[in-house]
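Have a look at the structure below, then the notes.
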Amino acid sequence: MKRDIKLEIFYDEPIEKVWKALTDSDELAKWLMKNDFKPEVGHRFQFRAKPQPGWDGIVDCEVLEIVPLKSVVYTWSGGEKEGKKLHTTVHWTLEAVQGGTKVYLEHKGFAGMKGILTSFMLEAGWKKMKKEKFLDVVRKINL
Amino acid sequence: MDRRSSGELHDVFSAVSDPTRREILRLLSDKKMSVSEITSHFPITRTAVSKHLNLLKEVDLVKEQKSGRERIYSLDPEPLKEIKDWLNYYEQFWIHKLNKLGEHLRRNL
């Protein structure tokens, strides 16, 4: 049982430049989405994309952590339906390496779901077909 | 995945975020049960259990069959697959954005 989205990428650019692209509102808008981000812990902001059917195009965020040239963490709540949103967090970590910068991106927040699946696996008296069916789904989900 | 199914997914999330509903799902994973049978496992009223069941039914995690005067409930774990779609959606989203960031770094800064 693992998962949450984890990505790692190398850019042959200095860490200062990558940091700016991640934490400057205008720069962020050029590659991610329009926003009113500020690199201050506690700052609430939004990313705004073009609304689509079933989605208002808004992601509500709050800065949780800022360590200059090192890490940015913010909440990411998007896809509203009847006032309910899925609450996740986005974690950016930078590392200066030879010839450039390594960027680690983690999108977390499936913790609740993971816990549920785990508790099913551990505690349930899974039997017969149901068990097979459910485990198959869990396997496919690969959480 | 489209955004509509992502909305439905939130409902699945919230449906299973409640400990009583999780316990109901666990009970149903063992066998089909009537409301009375389910209620006997909880210190709450039958009405309260019915409310939970209705919510689980709405998100298609449980199915209801009528058997005489009783309603029998069974588990359907299929909607949990949507979680996988959701993860896939965001994984693609971020891969795309990280590539855009790379292009942006090369061209504009």
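Order of the sequence lines fixes the chain letters, A, B, ..., with proteins taken first and strands second; residue numbering starts at 1 for each chain. Note: hydrogens, waters and symmetry copies are ignored here, and every other heavy atom, side chains too, is used.
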Does atom NZ of B/K97 have more than 12 heavy-atom neighbours from other groups under 6.0 Å away?
yes
Proximity breakdown for A/L32 and chain B, heavy-atom pairs closer than 4.5 Å:
both
Same cluster (ILVMFWY, side-chain, under 4.5 Å), A/F10 and A/L69:
no
Please enumerate all residues that pass side chain to side chain contact (heavy atoms under 4.5 Å, CB included) together with A/E106, with sequence neighbours excluded.
A/K6, A/H91, A/K108
With a 4.5 angstrom heavy-atom cut-off, could you sort out which part of B/I95 is near chain A: side chain, backbone, both or neither?
both
Is there a side-chain contact between B/R106 and A/E13 (heavy atoms, below 4.5 Å)?
yes
Report yes if the distance between the aromatic ring centroids of B/W94 and A/W92 is under 6.0 Å, otherwise no.
yes
Does A/F47 belong to the same Ile/Leu/Val/Met/Phe/Trp/Tyr cluster as A/L64, with side-chain heavy atoms less than 4.5 Å apart forming each link?
no
Tell me, please, which residues at least two apart from A/K102 pass side chain to side chain donor-acceptor pair (under 3.5 Å).
A/E8
Quick one, B/E103 and A/W31 - any side-chain contact, counting heavy atoms below 4.5 Å?
no
Say whether A/Y74 and A/L7 are linked into one hydrophobic cluster, either directly or through other cluster members, by side-chain heavy-atom distances under 4.5 angstrom.
yes
Out of curiosity, B/L101 CG to A/K30 NZ, how far, rounded to the nearest 0.5 Å?
12.5 Å
May I ask you to decide if B/L105's main-chain N or O and A/K17's side chain share a donor-acceptor pair within less than 3.5 Å?
yes
